[in-house]
Number of protein chains: 2
Amino acid sequence: MRRFIVVGQTASASGDFSLDDLPGSSGRLDVLLRCVRAALLTSHGLRRDVVVYLVLQRGPRVVRLGGESLKFVRPDERSLATLVQKLLLRHDAADDRFVEQKPGLGVASAGLDWVLSDLGGAHPYVLEEGAPDARGHGLDESSAFFIGDHLGFDAATRSALAMIRAEPVSVGPVSLHSDDVVAIVSNELDRRR
Amino acid sequence: MRRFIVVGQTASASGDFSLDDLPGSSGRLDVLLRCVRAALLTSHGLRRDVVVYLVLQRGPRVVRLGGESLKFVRPDERSLATLVQKLLLRHDAADDRFVEQKPGLGVASAGLDWVLSDLGGAHPYVLEEGAPDARGHGLDESSAFFIGDHLGFDAATRSALAMIRAEPVSVGPVSLHSDDVVAIVSNELDRRR
């Protein structure tokens with residue numbers, strides 16, 4: 001099982017955003033949604049062995065998308081935004097337990113701690129510029145990759161990742177968008193099968 | 001210089017599509033726009049050494065985005081769709097010459113032949129499943145990568161690529177979305193610098 005945890009520092013957890021101005025009204029949820037596509041979708045297929053967590057820190061809330069039981073996910077940003085918006089609007093903001101609303105799709109009104117409790121022994125990695133290269137690194141197939149948004153990680157997240165001894169890895173010499181990082185890490189794992 | 005040519009078999013060249021239903025109304029222009037982001041944008045930056053051509057075969061028309069002189073490009077799909085829609089609507093459909101409307105942004109009411117005439121001696125590669133791996137391949141930095149959309153390539157495009165002896169390469173064992181392919185090829189080139 002591969003897990004991708006994308007931490008959105010400014011991402012709104014309310015679901016109260018406009019589909020016509022996603023970057024401006026959602027605290028850059030668009031960055032996180034593009035990671036969902038890169039992590040879960042292949043050409044005409046869905047990766048059954050991948051779980052994506054979106055940590056919406058302006059809340060906080062966590063959206064969990066589990067490829068194993070997901071039914072149908074469209075790749076375009078607006079469809080993904082609509083999907084996540086519905087999940088957020090239907091969820092009780094006071095409920096810190098994870099509630100699955102549809103197969104593979106659910107929300108917890110909780111933060112990174114909840115994600116850490118859900119990782120089930122996966123080896124934690126944190127994507128960091130300048131860290132040892134993920135290529136040629138003995139990446140564990142049972143892995144959890146923590147990825148920052150356009151702002152990187154906040155200090156509290158860095159502390160939490162240090163506590164669990166998340167191993168820093170990088171994907172090359174250029175600072176890339178989060179979804180490109182997900183695509184490159186996925187490709188690296190695909191090649192090891 | 002790196003060039004990415006994305007061929008959209010069903011992509012509409014008219015600009016007459018709805019931003020609220022991009023996949024359904026534009027003939028899957030969304031697939032092509034995601035390649036623009038992956039090819040041109042880095043984290044808080046723009047790749048100056050990249051040119052992207054979108055071949056809209058339901059026309060045909062070619063949109064050319066040249067990183068060297070581009071001013072500002074937002075990464076989200078709706079912003080990219082708005083940008084391309086304006087270019088298409090402003091362009092004379094009878095003009096088969098390339099007309100630059102803004103720095104780095106222009107349209108020609110022409111097809112793949114026009115793109116081939118604009119490649120300036122770049123080494124042509126075609127992304128194909130099952131072809132030799134781009135990794136470990138002596139990729140030329142002065143290169144032109146031809147990438148299909150969600151339907152792959154049509155027969156006429158295959159013939160044209162065979163005529164110019166485009167070299168088949170692949171990016172691994174899984175059939176991926178076009179934008180993920182662009183991200184992985186870009187990463188491969190970045191690592192060779």
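Throughout, a chain's letter reflects where its sequence line sits, starting with A, and its residues are numbered from 1.
Interface summary for chain A: among B:Val181, B:Leu41, B:Val182, B:Val31, the most heavy-atom pairs under 4.5 angstrom belong to B:Leu41.
Connection of B:Met1 to B:Phe98 is established within a shared hydrophobic cluster, with ILVMFWY side chains joined at heavy-atom distances below 4.5 Å, either directly or through further cluster members. A chain of hydrophobic side-chain contacts below 4.5 Å, direct or via other Ile, Leu, Val, Met, Phe, Trp or Tyr residues, connects A:Leu46 to A:Leu189. One hydrophobic cluster, built from ILVMFWY side chains closer than 4.5 Å, cannot hold both A:Leu32 and A:Val51; they sit in different ones. A:Leu80 and A:Leu54 fall within a single hydrophobic cluster, where Ile, Leu, Val, Met, Phe, Trp and Tyr are joined by side-chain heavy atoms under 4.5 Å apart, directly or via other members. Linking Ile, Leu, Val, Met, Phe, Trp and Tyr residues whenever their side-chain heavy atoms come within less than 4.5 Å leaves A:Leu112 and A:Val36 in two separate clusters.
More than 12 heavy atoms of other residues, nucleotides or ligands sit less than 6.0 Å from atom CZ of B:Arg48. In the displayed structure, B:Arg192 atom CZ is contacted under 6.0 Å by more than 12 heavy atoms of other residues, nucleotides or ligands. Residue B:Glu68 places its CD atom among 12 or fewer non-hydrogen atoms of other residues, nucleotides or ligands, all under 6.0 Å distant.
Judged as a salt bridge (charged side-chain N to carboxylate O under 4.0 Å, His left out), the pairs with a partner in residues 5-25 of chain B (not counting sequence neighbours) are, in order, A:Arg78-B:Asp20, B:Asp20-B:Arg78.
Expressed to the nearest 0.5 Å, how far OG of B:Ser186 lies from CD1 of A:Ile184 amounts to 8.0 Å. Here the CZ-CG distance, from B:Arg74 to A:Asp30, works out to 10.5 Å after rounding to the nearest 0.5 Å.
Of all heavy-atom pairs spanning B:Pro173 and A:Arg191, the tightest one is CD-CG, 4.1 Å. B:Ser43 and A:Leu176 make their closest contact through CB-O, 3.6 Å (heavy atoms, listed as atom of the first residue, atom of the second, distance).
Residues B:Asp180 and A:Arg37 meet the side-chain proximity criterion, which asks for heavy atoms closer than 4.5 Å. A:Pro75 is not listed as a side-chain neighbour of B:His150, based on a closest heavy-atom distance of 4.5 Å or more.
For A:Arg47, the part lying near chain B is the side chain, with the backbone staying farther off; criterion is any non-hydrogen pair under 4.5 Å. Heavy atoms of A:Asp190 lying under 4.5 Å from chain B belong to its backbone as well as its side chain. Neither the backbone nor the side chain of A:Leu33 has a heavy atom closer than 4.5 Å to any heavy atom of chain B.
Of all residues spanning residues 116-140 of chain B, those with a heavy atom less than 4.5 Å away from chain A's heavy atoms are B:Asp133, B:Arg135, arranged by number.
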**OP:** Dump the intermediate steps for side-chain contact (heavy atoms from CB on, under 4.5 Å) on B:Asp76 and A:Arg34, then the final yes or no.
**Re:** CA-CA 9 Å; B:Asp76 66 293; A:Arg34 288 195 289 275; 3.8 Å; yes
